Engineer: 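Got a structure here, written out as structure tokens. Questions coming.
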Protein chains: 2
Amino acid sequence: MATKTRTAKAPRIPLSRERVLRAAVAFADQNGIASLSMRKLGEALGVEAMSLYNHVANKDQLLDGMVDLVFSEIELPAGADDWKMAMRKRAQSARQALGHHPWAIALMSTRTSPGPATLRHHDAVIGSLRAAGFSIGLTAHAFSALDSYIYGFALQEATLPLGDTAEETAAVAQMMVERFPREVFPHLYEFTTEHVLKPGYDYGAEFDFGLDLILDGLERVRDSASP
Amino acid sequence: MATKTRTAKAPRIPLSRERVLRAAVAFADQNGIASLSMRKLGEALGVEAMSLYNHVANKDQLLDGMVDLVFSEIELPAGADDWKMAMRKRAQSARQALGHHPWAIALMSTRTSPGPATLRHHDAVIGSLRAAGFSIGLTAHAFSALDSYIYGFALQEATLPLGDTAEETAAVAQMMVERFPREVFPHLYEFTTEHVLKPGYDYGAEFDFGLDLILDGLERVRDSASP
DNA sequence: TCTCATTGACTTACGATGTAAGTATGATAT
DNA sequence: ATATCATACTTACATCGTAAGTCAATGAGA
């Protein structure tokens, strides 16, 4: 009876804010953000719910930290690339990160205090544009347009019911045809049956089209502003 | 002792799905979506929580209905306008509706079954583009680009802490300068202090810039595709 | 080596939440 | 007057976030 309780257990890696946040992200990825509770997160970490409060002030701060962790996954614009390539890469990286964590978009829209990774990301984006000769005003335009597009696209992607496999697509098609009666929504009907549900269609591919539209437009505006 | 209980009360307007949804939207507008509960919504309607379940299947369906109600506020593209004007008007109307109900963006990203008003909106947008000579494929591009931008902008606007009044702005400025140390985030620092926090700046005005970027780009693509 | 402060995990408890199940009431139809 | 039916109310339960208090392990100073 050397020690009293809980002996012979695993040596117990101590918790940390980092570990808590990573576990929360993994949990939300698997089970959805709606079913993330402090108790279940504790369970996933082999710990009681209240222990988590030693590392995050409350659940809201946990959610803040999760969003920031997702932002930290986004590639910063590389100084080596020209601005267009740098923006394209970081946009695609952002889409990828938000695609891996579809719950992040919902969180972003309710949380108003950005974390350090988010701020670093924004700082790098602004720096990249400024270095490419964008005036402050035009940088604001570009930043707003690009980020709106990126987040909005991620939102639509998260919302779209289109599955990955062929069976999923078929099931979705069935549901859509039922919900979009040809007489009531003729254009939507044609659009989905003739295009979106056709075998080769991949909504993700739409991303680059809109992105290039914005990038080309920005380039044109920049060049016409400072000849 | 003619009747037994609850006599002499107001004649009691009966509940309806419509009335429940409208009350829910009003509640969320005033108190935020996070504090909307079935009990509080019932209270706002002078009714017990469980009575609401006679008109909505569960809370999720209530949220679905709320999103659809917001969509019903968005102006449909008018057939009389040329496509660009029609798209501009509906985009501005959408931004306005989402601005009035900032919680809607968060809901949109978690709800995958669009309601009738949402479908009607999409049908009208697709119809407007098709009528303007956009091919189905280009309509998909346009739809994706425009809606991504619109929702993303609304998301950013909902997230941005910038207040409306001068005092609010000052308070935000104070907070930002503290959180954005010049040495750590030099570009962000310059950007906020030199531009965003300057008296005349209004983030909402950025909307039209990006919108026109996309609309002009779409027009160019359409005209070069079918000469 | 012993002592003791500190850290971080555990226990208990409370009010609030979504909603299943059952009950009562008032309006309408016969 | 009676029966039917829609709709509101009551009760109950599992789960939630988290305040407050307890207890054990750790590391420093003597």
Side-chain angles (χ1 to χ4, degrees), chain A residues 1-24 27-28 30-67 103 106-107 110-111, chain B residues 1-25 27-28 30-67 103 106-107 110-111 113:
Chain A
M1 63 183 76
T3 53
K4 293 176 83 165
T5 65
R6 196 177 309 278
T7 25
K9 287 271 184 185
R12 189 164 79 179
I13 304 154
L15 243 44
S16 70
R17 186 182 156 85
E18 168 96 8
R19 223 158 76 80
V20 169
L21 291 180
R22 290 204 182 283
F27 188 98
Q30 281 176 20
N31 309 97
I33 194 74
S35 75
L36 173 68
S37 75
M38 297 304 272
R39 275 170 242 256
K40 290 193 205 151
L41 178 56
E43 199 178 353
L45 283 161
V47 134
E48 294 300 312
M50 291 310 290
S51 300
L52 302 172
Y53 286 90
N54 288 313
H55 302 96
V56 291
N58 50 42
K59 194 180 180 182
D60 263 13
Q61 204 178 89
L62 175 78
L63 299 177
D64 279 340
M66 290 170 71
V67 170
W103 42 265
L107 289 191
T110 52
R111 238 116 282 298
Chain B
M1 61 182 78
T3 54
K4 292 175 83 165
T5 66
R6 195 177 310 278
T7 27
K9 285 271 180 181
R12 186 163 79 178
I13 304 156
L15 244 43
S16 69
R17 185 181 157 85
E18 168 95 9
R19 223 158 75 80
V20 169
L21 291 179
R22 289 204 183 283
V25 166
F27 189 98
Q30 281 177 20
N31 310 96
I33 194 73
S35 75
L36 172 69
S37 74
M38 298 302 273
R39 276 170 241 258
K40 288 192 205 151
L41 178 55
E43 199 178 354
L45 282 160
V47 133
E48 294 299 314
M50 290 311 289
S51 301
L52 303 172
Y53 286 89
N54 288 313
H55 302 97
V56 291
N58 49 43
K59 194 181 179 182
D60 264 12
Q61 204 177 91
L62 175 79
L63 299 178
D64 279 340
M66 291 169 70
V67 170
W103 42 266
L107 288 191
T110 52
R111 243 114 277 299
S113 66

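These numbers were taken from a predicted model, which means no experiment stands behind them. Per chain, numbering begins at 1; letters A, B, ... match sequence-line order. Below, each value reflects all heavy atoms present in this structure, side chains not excepted, and no hydrogens, waters or symmetry copies.
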Engineer: Are the side chains of Thr110(A) and Leu63(A) in contact, using a 4.5 Å heavy-atom criterion?
Structural biologist: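 When only atoms from C-beta onward are counted, Thr110(A) and Leu63(A) do not touch, as no gap falls below 4.5 Å.
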Engineer: Whole-Å distance between dG22(C) C1' and Met50(B) CE?
Structural biologist: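 Answer to the nearest Å: 10 Å.
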Engineer: Is the distance from OP1 or OP2 of dA16(C) to the nearest side-chain N or O of Ser37(B) less than 4.0 Å?
Structural biologist: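 It does not, given that no N or O in the side chain of Ser37(B) lies less than 4.0 Å from OP1 or OP2 of dA16(C).
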Engineer: Taking all heavy atoms of Phe27(A) and all of Ser35(A), pick out the closest pair and write down the distance.
Structural biologist: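 Looking at all heavy atoms of both residues, the closest pair is CE2-O, 3.4 Å.
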Engineer: Tell me which of Leu36(A) and Ser16(B) sits closer to the 5' end of DNA chain D, going by the nucleotide each one is nearest to.
Structural biologist: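 The 5'-side residue here is Ser16(B).
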Engineer: In this structure, how many angstroms lie between the C1' atom of dC10(C) and the CE atom of Met38(A), rounded?
Structural biologist: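 Atom-to-atom, Met38(A) to dC10(C), this comes out as 15 Å.
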Engineer: Kindly indicate whether the side chain of Asp60(B), heavy atoms from C-beta on, has any atom under 4.5 Å from the side chain of Arg111(B).
Structural biologist: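 When only atoms from C-beta onward are counted, Arg111(B) and Asp60(B) do touch, with a gap below 4.5 Å.
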Engineer: Out of dT11(D), dG17(D), dT17(C), which has the shortest distance to the side chain of Lys40(B)?
Structural biologist: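 Nearest listed nucleotide: dT17(C).
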Engineer: Can you measure Asn54(B) atom CG to dA20(C) atom C1' for me and round it to whole angstrom units?
Structural biologist: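 Distance check: Asn54(B) CG to dA20(C) C1' gives 13 Å.
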Engineer: Out of dC9(D), dC16(D), dG18(C), which has the shortest distance to the side chain of Lys59(A)?
Structural biologist: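 Comparing dC9(D), dC16(D), dG18(C) against the side chain of Lys59(A), the answer is dC16(D).
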Engineer: In whole angstroms, how far is the C1' atom of dT17(C) from the CG atom of Leu62(B)?
Structural biologist: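 In whole Å, dT17(C) C1' lies 14 Å from Leu62(B) CG.
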Engineer: Measure from the side-chain heavy atoms of Glu48(A) and tell me the nearest of dA8(D), dC10(C), dA9(C).
Structural biologist: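 Out of dA8(D), dC10(C), dA9(C), the nucleotide with an atom closest to Glu48(A)'s side chain is dC10(C).
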Engineer: I need the CZ-C1' distance between Arg19(A) and dG8(C), as an integer number of Å.
Structural biologist: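 It works out to 13 Å between those atoms.
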Engineer: Looking at His55(B), I'd like to know whether one of its side-chain N or O atoms comes within less than 4.0 Å of OP1 or OP2 on dA6(D).
Structural biologist: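 It does not, given that no N or O in the side chain of His55(B) lies less than 4.0 Å from OP1 or OP2 of dA6(D).
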Engineer: Taking all heavy atoms of Leu45(B) and all of Val20(B), pick out the closest pair and write down the distance.
Structural biologist: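 Taking every non-hydrogen atom into account, CD1-CA, 4.1 Å.
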Engineer: Here's a test of your reading of the structure: between Arg39(A) and Ser51(A), which maps to the more 5' nucleotide of DNA chain C?
Structural biologist: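 The 5'-side residue here is Ser51(A).
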Engineer: When the distance from OH of Tyr53(B) to P of dT23(C) is rounded to whole Å, what number comes out?
Structural biologist: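 The distance from OH of Tyr53(B) to P of dT23(C) comes to 20 Å, rounded to the nearest Å.
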Engineer: Determine, step by step, whether Asn31(B) and Lys40(B) satisfy the side-chain contact (heavy atoms from CB on, under 4.5 Å) criterion, reporting the C-alpha distance in whole Å, the side-chain angles of both residues, the deciding distance to 0.1 Å, and the verdict.
Structural biologist: CA-CA 11 Å; Asn31(B) 310 96; Lys40(B) 288 192 205 151; over 6 Å; no
Engineer: Would you mind reading off the distance between Asn58(B) atom CG and dT19(C) atom C1', rounded to a whole angstrom?
Structural biologist: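 Rounded to the whole Å, the gap is 9 Å.
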Engineer: Using whole Å, report how far CG of Asn31(A) lies from C1' of dC16(D).
Structural biologist: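 About 16 Å, once rounded to whole Å.
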